[in-house]
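First listed ligand is number 1; within each ligand, the first listed atom is number 1. All values reported here derive from a predicted model rather than from experimental measurement. The first residue in the sequence is number 1, and the count goes up from there.
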Amino acid sequence: MKPDGGVHDQAGALAGIVPSVNLAAEPGRMDFYERASRHNLAPLWRVLHGLVTDQPAPRCVAAMWRYEEIRPYLMEACRLISAEEAERRVLVLENPGLPGESRITQSLFAGLQIILPGEIAPAHKHTASALRFIVEGRNAYTAVAGERTMMEAGDFVITPSMTWHDHGNEGDAPMVWLDGLDMHIVNLMCASFREGYPGKSHPLDRPEGAAAAEAGHNLLPVDQEYGSQTTPIFNYPYRRTREALDALARFRPADAWHAYKMKYINPVNGGWAMPTMSTWMQLIPAGYATAPYRSTDSAVFAVVEGRGSSRIGAQSFDWGPRDIFVAPSWVAHEHAAASDAVIFIYSDRVVQEKLDFWREDKPGA
Ligand code: 1HN
């Protein structure tokens with residue numbers, strides 16, 4: 001904001017806009033504004049600096065959801081509605097700065113989905129891509145494009161755009177996962193389609209493990225064509241991710257800003273696993289503290305193991321297993337681990353990179 005005689009802060013607050021003009025002269029312009037508005041015309045100079053900000057101005061705020069506080073609400077939801085009636089029994093993680101918008105950041109959705117033994121979340125497909133990060137349970141499956149995968153805590157599972165998917169719990173305990181979706185990006189472009197499948201489950205036409213056999217071993221079937229921008233691997237099991245982080249930590253020094261942070265990749269092109277959401281798993285060894293870091297992608301953090309605390313801007317959050325927190329765009333954050341901590345992270349960085357506007361900053365570096 002540029003100083004303009006002290007009036008502009010006041011008017012910006014009043015009108016919810018950031019005018020760059022001398023407000024003393026505004027009354028004389030009101031008649032013009034009013035007549036122009038009848039022709040669907042509006043003066044840019046009253047809104048310019050709110051439209052094109054000096055730096056990111058997120059409405060999204062830092063926040064945390066403690067699993068032990070929210071799990072009872074998931075259980076209560078199970079007594080009120082079935083997975084089938086709800087279609088997806090999800091409690092949305094609403095950013096307190098964006099109430100009622102079903103957003104955890106300005107571009108991304110997060111929710112916790114619970115499915116009880118014997119339940120099926122019926123098949124549907126939509127333009128939005130989804131990631132599932134398993135928080136609690138085992139012996140539940142998701143079926144994606146005709147192939148099932150069994151899921152357990154720490155697994156990162158993907159539903160690509162416009163693929164049929166249904167979920168079922170064949171175990172004897174509730175299954176809970178974090179759903180991350182990009183529908184706000186899809187909706188920004190008005191590109192959303194959705195279809196329900198006539199029947200609970202979509203037919204399976206590939207054996208369980210087919211995708212992992214084809215693409216999960218740093219090998220790909222020769223001459224196979226891949227048309228999608230989403231990885232053909234749709235379950236990245238926790239056991240293997242954890243092994244990779246452990247092995248890395250045995251011979252590499254921890255990075256000052258990221259400790260040990262590995263990105264999930266698409267083996268077809270080496271890029272991010274999904275076209276709209278970047279995903280990582282981070283290991284912060286006990287006693288290690290990362291240096292302050294900020295980037296233009298607001299990020300969602302889901303703690304898998306360990307305890308620690310994060311400073312996000314002026315706020316501090318103490319976290320433990322299954323807690324979820326969010327850091328807004330361009331707000332510096334740093335983490336300190338009390339015990340070996342493993343954290344799953346997702347953001348819209350991949351989209352920003354494609355559009356050439358992603359930035360990061362290592363304050364003090
Ligand atoms: C959805 O399709 C799922 O398939 C989960 O499990 C969460 C949130 C909003 C819109 C669609 C699922 C969702 C969703």
Side-chain angles (χ1 to χ4, degrees), residues 65 70 73-74 77-78 81-95 98-137 139-153 155-171 174-202 204 230 234-236 273-277 279 300 302 324 326 344 346 348:
W65 290 261
I70 57 181
Y73 287 89
L74 290 168
C78 292
I81 191 164
S82 67
E84 195 174 358
E85 184 190 349
E87 188 167 331
R88 295 297 185 264
R89 191 170 47 217
V90 173
L91 289 180
V92 180
L93 304 183
E94 281 200 321
N95 190 287
L98 305 162
E101 296 189 35
S102 298
R103 296 173 201 259
I104 190 159
T105 71
Q106 270 160 263
S107 61
L108 296 174
F109 172 96
L112 283 171
Q113 177 160 181
I114 182 160
I115 180 161
L116 296 178
E119 285 190 319
I120 289 181
H124 68 193
K125 63 178 179 178
H126 37 67
T127 310
S129 299
L131 65 81
R132 332 263 168 217
F133 186 71
I134 314 307
V135 173
E136 169 183 339
N139 297 320
Y141 65 83
T142 185
V144 176
E147 182 182 333
R148 262 192 192 188
T149 186
M150 298 303 287
M151 308 182 285
E152 58 182 54
D155 292 355
F156 162 49
V157 178
I158 296 168
T159 307
S161 179
M162 238 29 189
T163 53
W164 291 111
H165 54 286
D166 48 82
H167 322 297
N169 186 341
E170 298 185 331
M175 174 88 160
V176 177
W177 62 74
L178 173 66
D179 284 308
L181 284 95
D182 61 4
M183 82 285 270
H184 300 301
I185 299 173
V186 174
N187 290 340
L188 176 66
M189 320 280 166
C190 280
S192 177
F193 294 89
R194 171 202 172 275
E195 220 181 300
Y197 188 73
K200 272 195 184 180
S201 310
H202 186 266
L204 301 170
T230 303
F234 72 117
N235 187 345
Y236 292 74
M274 303 178 73
T276 50
M277 292 185 279
T279 49
V300 180
I324 295 167
V326 58
F344 175 81
Y346 73 98
D348 63 11

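Two residues are said to be in side-chain contact when any heavy atoms from C-beta on lie closer than 4.5 Å; L131 and F344 meet this criterion. The shortest distance between side-chain heavy atoms of E147 and F234 falls below 4.5 Å. At a threshold of 4.5 Å between non-hydrogen side-chain atoms, the residues S161 and T230 do not count as touching.
Residue F109 approaches ligand 1 through these ligand atoms, each under 4.0 Å from one of its heavy atoms: 8 (C). Residue-ligand proximity, H126 to ligand 1, at heavy-atom distances under 4.0 Å covers atoms 1 (C), 2 (O).
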Which atom pairs, one a donor and one an acceptor, fall under 3.5 Å between side chains of residues 101-120 and the rest of the protein, sequence neighbours left out?
unit_1, atom_1, unit_2, atom_2, d
E101, OE1, R103, NE, 2.9
E101, OE2, R59, NH1, 3.2
R103, NH1, Q106, O, 2.7
T105, OG1, S107, N, 3.3
T105, OG1, L108, N, 3.0
Q106, OE1, R59, N, 2.8
Q106, OE1, C60, N, 3.4
S107, OG, D348, OD2, 2.6
Q113, NE2, D179, OD2, 2.7
E119, OE1, R89, NH2, 2.4
E119, OE1, L116, N, 2.8
E119, OE2, A83, N, 3.2
E119, OE2, R89, NH1, 3.1
E119, OE2, R89, NH2, 3.4

Pair up each side-chain donor or acceptor in residues 192-202 with any protein partner under 3.5 Å, not counting sequence neighbours, and list the distances.
unit_1, atom_1, unit_2, atom_2, d
R194, NH2, E87, OE1, 3.3
R194, NH2, E87, OE2, 2.8
K200, NZ, E84, OE1, 3.4

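Proximity of L181 to ligand 1, defined as any heavy-atom pair under 4.0 Å, is confined to the side chain (atoms from C-beta onward).
Taking all heavy atoms of K125, R88, H124 into account, the minimum distance to atom 2 (O) of ligand 1 is reached by H124. Looking at D179, T142, L112 and measuring to atom 5 (C) of ligand 1, the nearest heavy atom belongs to D179. Taking all heavy atoms of H165, R132, E87 into account, the minimum distance to atom 3 (C) of ligand 1 is reached by R132.
The closest protein non-hydrogen atom to atom 6 (O) of ligand 1 is H167 NE2, 2.6 Å. Taking atom 10 (C) of ligand 1 as the reference point, the nearest protein heavy-atom neighbour is M183 CE, 3.8 Å.
Across all their heavy atoms, R132 and H165 have their closest contact at NH2-CD2, 3.5 Å.
Taking the six-membered ring for Trp and thresholds of 30 and 60 degrees, H167 and W177 have ring planes more than 60 degrees apart, a perpendicular arrangement.
Polar contact with ligand 1: absent for W177 (N/O pair, distance under 3.5 Å).
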